[in-house]
Structures are given as structure tokens and as C-alpha cells.
Amino acid sequence: MNIQDTLSSTEQKVDNSEKIKIYLCGVTVYDESHIGHARTIIVFDVLRKYLENKKKEVELIQNFTDVDDKIINRANDEGIPAHEISKRYIENYFRDFDQLNIKRATNYPKATEHIEDIIEFIKKLIEKGIAYPSENGVYFSVSKFPEYGKLSKKKIDELKSGSRIQVDETKKDPLDFAVWKFSDVGPTWESPWGKGRPGWHIECSVMSMKYLGGNFDIHGGGRDLIFPHHENEIAQSEAHSDGKFAKIWMHVGMVTIAGEKMSKSLGNTKSIKYVLENWGPNIIRLFCLSGHYSKVLDYSEEMLKENLTKWRQVETCYFELIHANSDQQENISEKIRNISTEFDKSLEDDLNTHLALSSFFELVKETNRLAAEEKLGIENSLIIKKEFERIAQILGLNIPEMSQEEKQKIDNLILNRKKCREQKQFEEADRIRDQLNEMNVELIDHKQKTIWMKKEKIKSEK
RNA sequence: GGUACUCUGGCAGAACGGUUAUGCGUGAGCCUGCAAAGCUUAUACAAGGGGGUUCGACUCCCUCGGGUACCUCCA
């Protein structure tokens, strides 16, 4: 499998070893997660599930930044301790992402639980003369790391001249960034240099190396993290270990809304909670996977609606498969094998989910065609269903299970309706159909039989 | 200003040096008691502008222009 690497600007082969180690920069837990966060995490979820489908063991580490000025500000606004803010939003995070059918990461380390490791890490940087304590904190000396700027393709000189940040006189160089900030208020920890809290970037260097070691396979996150976050991580980590930090840097494009980046500061976010309520997890996933992960994705209700149409086709396909009982068989196995190969090929090539989805819809269409022509036999349906389930699993699409009682009830109602129709009691037949519709059950009348599908309830429909 | 990404039909969106996917939408038809869903089929002057390389470019190069992101809050 190849992934575009931001650092080398080339496609790189994902290591073929048995175990793939991935570090994904998670969220700062100070507010509700939005669709932008969802996209990044869905992309990595698909990457992971694909690799696992290929029998790779994946170790996925995703951090929570749980100490940060934003968290502290919010805590001050609400008059409660900072850890209560982070606790609340970590809970909300799992509420949202479990619903989005994201497989839980191997571990979700938190900055506040790794203060000792962070201090040790900083100690070594100071010993090596790469970091230095100053009046307001401990700083990383950018000039000591000649390769600084290699990820974001920035020249140190240009950064200096273009620098619009306030110059902190206590720093040796305006580009130097804090690895430890002195503070007396908010959550603080003792350190050899003074009371305070870690800088933002240091936690990812420390935790990724702690859990994955040096030179792990993929380090990822949103595009907006390239600079300064990932640039600084590389500097700290490689200065610390003298070895290569991550093999591949994978960055997911921004979600925009009306052409503008979705972000808290612009106040144009759509929270996952809100979108889930209105569209449900499957449509969100289809939407987030509808373009290449590296490109910008523009959020709009129209696009979600388009994906609703697609999702209904997927549901139809699934229910046709489980109700298949025709005698006629068309030889389908080669076609399905080709679809399967194409699907994998698309993902192998820099996780091209859009092309992969095209293959999936080919399978859906083929199934629905056979069903429409009353040619979907049990044997074929089993072949197709196996592939359908494999693909759905990788993409994280999920058709909710139903209870036996509910199925029984539906079957009985359909039987009654059939009798009514045979006796041309259409009013009664339509009443039963309406009753089923209220249960989100839609009937599909074929020539020989009627099948049903249980549709996911989508609030925004109609 | 610097850097990166980007500009494909009404919309979304891929691949590819020669045939320009796919989906949505739209039209027609099939099926139906009527619907719905589905299927079949049709539909599109498609490549920001201008140069160049080439027998041939949407695909490579140059140039001009538009958009977005980042340039110490950010997924």
C-alpha cells in the first residue's frame, strides 16, 4: 500500500511488516468535536480497517490534549477545574465517535498522564544543549536543529522575516518554541526548572515514542497541523533521538463550509452531534469518504442528501441479499472477484476511497439489477453478501440489526397485505403499508414476491 | 509577501500521454391496483486563460489568473 508522504512529497510504501504503527494527532478536549475532526478520524479508521482486513496488526495511538490554554480559559469561564472540562469533552468525544462506528484506538494517551515522561524528555534536550530554560519557560532552540522547516517546506529566514508573532524578549530566538511553560495558576506540575505545564507539541513527541518507539510507520493528522505542530514534533523528536521520527507523514484535507475552513475561531462549525442527529453515521461516513482524503471537502446539506440517496441503495442491496430466493442463477463470482480486486487496488493507491466507493456501488447496482430481474439466487447472494460485508466493514458502514420479533411482525403484516391485495382490498393493503412505513419499513414489490427493508431513520429526509 | 494544495460536465468527483470513469440530478421507459424502491436507457459544448513539448495533452513543461490552507489557536 502506498501513501503520499508530506515530508518527501512522494508516495511511500507502507511498511510490509506484520505490525503497522500509527500515531494520529487527536483533539484538544475543550469543546464539541465537529465534522472536520470526524473526517480525519474516519479516514484513519478506514486506513486501519483496510490494513486489518489484509491481516496486518495495527497499533493505533491517538492522543488527547487535555492541558492547554483553551481548556483553562473555558474552565475559568465556567468556574470549574480544568480537568472537569477535559473529562466532559473526552466523554463527548467517545459518545460521538462510537456512534460514527470508529474502532477504538489501541490507546488514547493523555498529556496530563505523561508529565514525568515529558520532564525526562526535556531534561535530555537540555543536556544536549538543544533546549534551554529562560524566564517564562523552557524553549526549544530552533537554530540547533538545522533541518527545521523540512516538513512544511519553510525557510528559517523567511519565518523570521515574516514573523508576526510578538517577540518574547526572554527567548534567544523568536522562532524558539516552548516545551515547558512556567505558570502558577491552573493545572501545574513541579519540574526541575519551575512550576508549570508542558508546551503543546512536546506531548506528541513523548507519547508517540513511548508507545511506538522511533521510526514508526505513519504519523498523521489534519493538514493544519503541518506547521507548527508537526514541524516542531519532528525537531524535538529527532533532536532527542538522533534518529528518524516517522516514516510517513499523512495529512487529511480540511473540511470547509461555503468555501471557508470550518473552525471554532470562525464559528462556522457543524458539530458531530448535530450532524449525527440529522443524518446518522453512515451518511456522514459516505460523505467524508466521497473525495480523496488529501483534498478539501466542502460541507453542504446537498451533498449529505446525495449520500442519503446512495445509502438507500446500499440498504436496498443488503435487504435484497438477505431475502434472495430465486431459482435463476447467473454466474456472478468472477464479476464479484473483479470488484473486490478493484476495491483493494483503489485503497492500495493512497487510500483512494472515492474510487473504492465506485467499486462498491458497482456491486450494489449489480445486486439490485439481479433482484429486479428476479435472478438473485441464494448461491449468488451468499457470494455477494460476503464481499458486501467485507467492504462495509472496511468503510465502517453498518446496517442495524433487528430483533426476531420485529422481523416476525413485519412478515405477518406483509402476509396480511398480500391477502388484501389478492382480494383487491387495496385500501386495507395501503393501510398496512402505511403502518409498516411508520416502522421505517419499506416494501419492495417484485413480480413474484414482496420483500421489505428496514431503513435507517434519517431526520433530515423530506 | 512566502510556502503548500487546488481549478474537470448543472452538482460531486476519479483515472489516464491516445478510448475522457463513477455517482447525484434531469428526460424516457420497465415493474405496480396505485405508489415507493429498484432496474433499463438516454443526457452533458466538461478540463481557469495563454503559450510550448508531442504524430497526439485533461494528463508533461512554462506563464498569467482564480480559490483554499498554513506562516506559532487549529483535525
Side-chain angles (χ1 to χ4, degrees), chain A residues 6 9 24-28 30 33-41 43-44 65 68-70 73 149 152-155 157-159 161-166 174-178 199-201 220-229 231-232 251-256 259-266 286-287 290-292 294-298 300 302-303 305-310 312-313 315-317 319-320 346 349 352-362 364-365 367-374 421 424-427 429-430 433 437 442-447 451-453 455:
Chain A
T6 309
S9 302
L24 174 60
C25 283
V27 297
T28 302
Y30 74 103
S33 301
H34 58 70
I35 286 296
H37 302 117
R39 182 191 193 192
T40 300
I41 285 157
V43 164
F44 276 83
T65 299
D68 172 271
D69 288 348
K70 284 187 173 175
N73 291 343
S152 56
K153 320 280 184 261
K154 292 184 190 305
K155 303 266 187 299
D157 295 347
E158 281 161 2
L159 280 170
S161 59
S163 172
R164 62 182 192 198
I165 49 161
Q166 282 184 342
L175 290 184
D176 293 351
F177 55 90
W200 173 35
H201 319 293
R223 272 204 114 75
D224 52 353
L225 295 184
I226 294 174
F227 192 90
H229 186 54
E231 192 71 69
N232 291 357
H251 290 105
V252 179
M254 294 296 101
V255 174
T256 59
E260 254 187 343
K261 182 182 168 184
M262 187 181 282
S263 72
K264 283 278 150 50
S265 37
L266 287 168
L286 284 174
F287 168 69
S290 64
H292 194 263
S294 63
K295 290 191 177 175
V296 167
L297 177 69
D298 198 55
S300 72
E302 288 71 28
M303 281 303 118
K305 204 174 164 191
E306 181 173 324
N307 283 291
L308 166 65
T309 307
K310 293 178 184 178
R312 293 303 185 212
Q313 293 170 1
E315 285 178 319
T316 304
C317 170
F319 284 99
E320 292 286 6
S346 303
D349 182 15
N352 192 334
T353 51
H354 182 88
L355 262 190
L357 278 169
S358 295
S359 297
F360 181 46
F361 282 107
E362 206 180 309
V364 167
K365 259 220 145 37
T367 305
N368 293 346
R369 196 206 95 223
L370 287 172
E373 293 173 2
E374 308 267 357
R421 291 177 75 202
K424 303 221 183 302
Q425 296 172 355
F426 294 124
E427 263 180 44
D430 287 352
R433 187 165 66 191
N437 278 342
E442 184 159 312
L443 299 180
I444 303 174
D445 286 334
H446 288 301
K447 280 177 205 151
I451 73 153
W452 54 265
M453 59 187 256
K455 301 196 299 181

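Please read these numbers as outputs of a predicted model, since none were measured by experiment. Throughout, protein chains are lettered first and strands after them, A, B, ... in sequence-line order, and every chain is numbered starting at 1.
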Asker: For A:Ala371 and for A:Ile35, locate the closest nucleotide of RNA chain B by heavy-atom distance; then report the residue assigned to the nucleotide nearer the 5' terminus.
Answerer: A:Ala371
Asker: Just the rounded figure in Å: distance from P of B:C31 to CZ of A:Arg369.
Answerer: 18 Å
Asker: Given that both distances must come in under 3.5 Å, which nucleotide forms a Watson-Crick or G-U wobble pair with B:C5?
Answerer: B:G67
Asker: Under 4.0 Å between any heavy atoms, over every strand shown, what does A:Gly291 touch: base, sugar-phosphate, or nothing? Just pick one.
Answerer: sugar-phosphate
Asker: Expressed as a whole number of Å, how far does the C1' atom of B:C55 sit from that of B:G50?
Answerer: 23 Å
Asker: Can you see if the side chain of A:Lys154 gets near the phosphate of B:U72 - specifically, an N or O under 4.0 Å from OP1 or OP2?
Answerer: no
Asker: I want to check one thing: is the phosphate of B:A37, taken as OP1 and OP2, less than 4.0 Å away from some side-chain N or O of A:Asn368?
Answerer: no
Asker: Scan every strand shown for a Watson-Crick or G-U wobble partner of B:U72, both distances under 3.5 Å, and answer none if you come up empty.
Answerer: none
Asker: Think A:Trp452 has a side-chain N or O under 4.0 angstrom from the OP1 or OP2 of B:A37?
Answerer: no
Asker: With RNA chain B as reference, determine whether A:Ser9 or A:Lys310 sits nearer its 5' end, using the nearest nucleotide of each.
Answerer: A:Ser9
Asker: Taking any strand in view, what nucleotide pairs with B:C60 in a Watson-Crick or G-U wobble way, both distances under 3.5 Å?
Answerer: B:G52
Asker: What's the spacing between A:Leu297 CG and A:Thr256 OG1 if we round to 0.5 Å?
Answerer: 7.0 Å
Asker: Across all strands, who's sitting opposite B:U19 as a Watson-Crick or G-U wobble pair, both distances under 3.5 Å?
Answerer: none
Asker: B:A4, B:C70, B:A37: which one has an atom nearest the side-chain heavy atoms of A:Lys153?
Answerer: B:A4
Asker: For the P atoms, the ones on B:A21 and on B:A46, what distance do you get once it is rounded to whole angstrom?
Answerer: 12 Å
Asker: Would you mind classifying the nucleic acid contact of A:His292 as base, sugar-phosphate or nothing, using non-hydrogen atoms under 4.0 angstrom?
Answerer: sugar-phosphate
Asker: With the side chain of A:Trp200 defined as its heavy atoms from C-beta on, choose the nearest nucleotide among B:G38, B:C73, B:G33.
Answerer: B:C73
Asker: What about A:Arg223: does its side chain form a donor-acceptor pair under 3.5 Å with the base of B:C74?
Answerer: no
Asker: Between atom CG in A:Asn437 and atom P in B:A37, what is the gap in whole Å?
Answerer: 11 Å
Asker: When you get a sec, tell me which of B:C31, B:U72, B:G33 is the closest nucleotide to the side chain of A:Lys447?
Answerer: B:C31
Asker: Pick base, sugar-phosphate or nothing for A:Ile41, based on heavy-atom distances below 4.0 Å to the nucleic acid.
Answerer: nothing
Asker: In Å, rounded to the nearest 0.5 Å, how long is the span from CE of A:Met254 to CD of A:Glu260?
Answerer: 14.5 Å
Asker: With distance as the sole test, does A:Asn352 use its side chain to make a donor-acceptor pair with the main-chain N or O of A:Ser346 at under 3.5 Å?
Answerer: no
Asker: Which value, in whole Å, describes the distance between the C1' atoms of nucleotides B:G65 and B:U72?
Answerer: 31 Å
Asker: Check if the side chain of A:Lys261 and the base of B:C74 share a donor-acceptor pair of N or O atoms closer than 3.5 Å.
Answerer: yes
Asker: Report the distance from atom CD of A:Glu260 to atom P of B:C74, rounded to the nearest whole Å.
Answerer: 19 Å
Asker: Select base, sugar-phosphate, or nothing to describe what A:Asn352 touches, counting heavy atoms under 4.0 Å on all strands.
Answerer: sugar-phosphate
Asker: Going by the angle between their ring planes, with limits at 30° and 60°, are A:Trp452 and A:Phe319 parallel, tilted or perpendicular?
Answerer: tilted
Asker: State whether the number of non-hydrogen atoms from other residues, nucleotides or ligands found under 6.0 Å of A:Lys153 atom NZ is greater than 12.
Answerer: yes
Asker: In the strands shown, is B:U32 matched to any nucleotide by a Watson-Crick or G-U wobble pair with both distances under 3.5 Å, and which?
Answerer: none
Asker: Could you grab the distance from atom CG of A:Asp68 to atom CG of A:Asn73, nearest 0.5 Å is fine?
Answerer: 8.5 Å
Asker: Could you check how far CD1 of A:Ile226 sits from P of B:A4, rounded to whole Å?
Answerer: 11 Å
Asker: If we take the P atom in both B:C64 and B:G2, what is their distance in whole Å?
Answerer: 12 Å
Asker: Under 4.0 Å from OP1 or OP2 of B:C24: is there any side-chain N or O of A:Gln313 that close?
Answerer: yes
Asker: Please classify the nucleic acid contact of A:Gly259 as base, sugar-phosphate, or nothing, using heavy-atom distances under 4.0 Å.
Answerer: sugar-phosphate
Asker: In whole Å, what separates the C1' atom of B:G17 from that of B:C61?
Answerer: 13 Å
Asker: Is A:Glu231 reaching over with its side chain to a backbone N or O of A:Ser152, donor-acceptor style, under 3.5 angstrom?
Answerer: yes
Asker: By nearest atom, which of the nucleotides B:U72, B:A75, B:G38 is closest to the A:Pro228 side chain?
Answerer: B:U72
Asker: Rounded to whole angstrom units, what separation is found between the CE atom of A:Met303 and the C1' atom of B:G25?
Answerer: 10 Å
Asker: If we take the C1' atom in both B:C24 and B:U63, what is their distance in whole Å?
Answerer: 37 Å
Asker: Suppose we call a contact any N or O donor and acceptor under 3.5 Å apart; does that hold for the side chain of A:Asp445 and the base of B:A35?
Answerer: yes
Asker: Give one of base, sugar-phosphate or nothing for A:Ser152, where a contact means two heavy atoms less than 4.0 Å apart.
Answerer: sugar-phosphate
Asker: Select base, sugar-phosphate, or nothing to describe what A:Val27 touches, counting heavy atoms under 4.0 Å on all strands.
Answerer: sugar-phosphate
Asker: Which atom names give the shortest non-hydrogen contact between A:Glu320 and A:Ile451, and what distance separates them?
Answerer: OE1-CD1, 3.3 Å
Asker: Please give, in whole Å, the distance from B:G67 C1' to A:Met254 CE?
Answerer: 16 Å
Asker: Side chain of A:Lys70: nearest nucleotide among B:C73, B:U68, B:C11?
Answerer: B:C73
Asker: What distance, rounded to whole Å, do you find between the two P atoms, one in B:G10 and one in B:C5?
Answerer: 28 Å
Asker: When we call it a touch if two heavy atoms are under 4.0 Å apart, what does A:Lys264 touch: a base, just sugar-phosphate, or nothing?
Answerer: nothing
Asker: Among B:A75, B:U32, B:C73, which nucleotide has an atom closest to any side-chain atom of A:Ser265?
Answerer: B:C73
Asker: Taking NZ, NE, NH1 and NH2 as the nitrogens, is one of them in A:Lys455 or A:Glu442 under 4.0 Å from a carboxylate oxygen of the other?
Answerer: yes
Asker: For B:G10, give its Watson-Crick or G-U wobble partner with both distances under 3.5 Å, or none.
Answerer: B:C24
Asker: If you check every side-chain atom of A:Met453, which of B:A37, B:G33, B:C24 has the closest atom?
Answerer: B:A37
Asker: Considering only the C1' atoms, how many Å lie between B:C62 and B:A12, rounded to the nearest integer?
Answerer: 31 Å
Asker: Starting the side chain at C-beta, find the nucleotide from B:A14, B:C71, B:C24 nearest to A:Phe227.
Answerer: B:C71
Asker: Rounded to whole angstrom units, what separation is found between the CZ atom of A:Arg39 and the C1' atom of B:A75?
Answerer: 10 Å
Asker: Quick one: A:Glu374 CD to B:C30 C1', roughly how many Å, whole number?
Answerer: 13 Å
Asker: Under a 4.0 Å threshold between the charged nitrogen and the carboxylate oxygen, would A:Arg312 count as salt-bridged to A:Glu315?
Answerer: yes
Asker: Report which part of the nucleic acid A:Lys295 touches: base, sugar-phosphate, or nothing (heavy-atom distance under 4.0 Å, all strands).
Answerer: sugar-phosphate
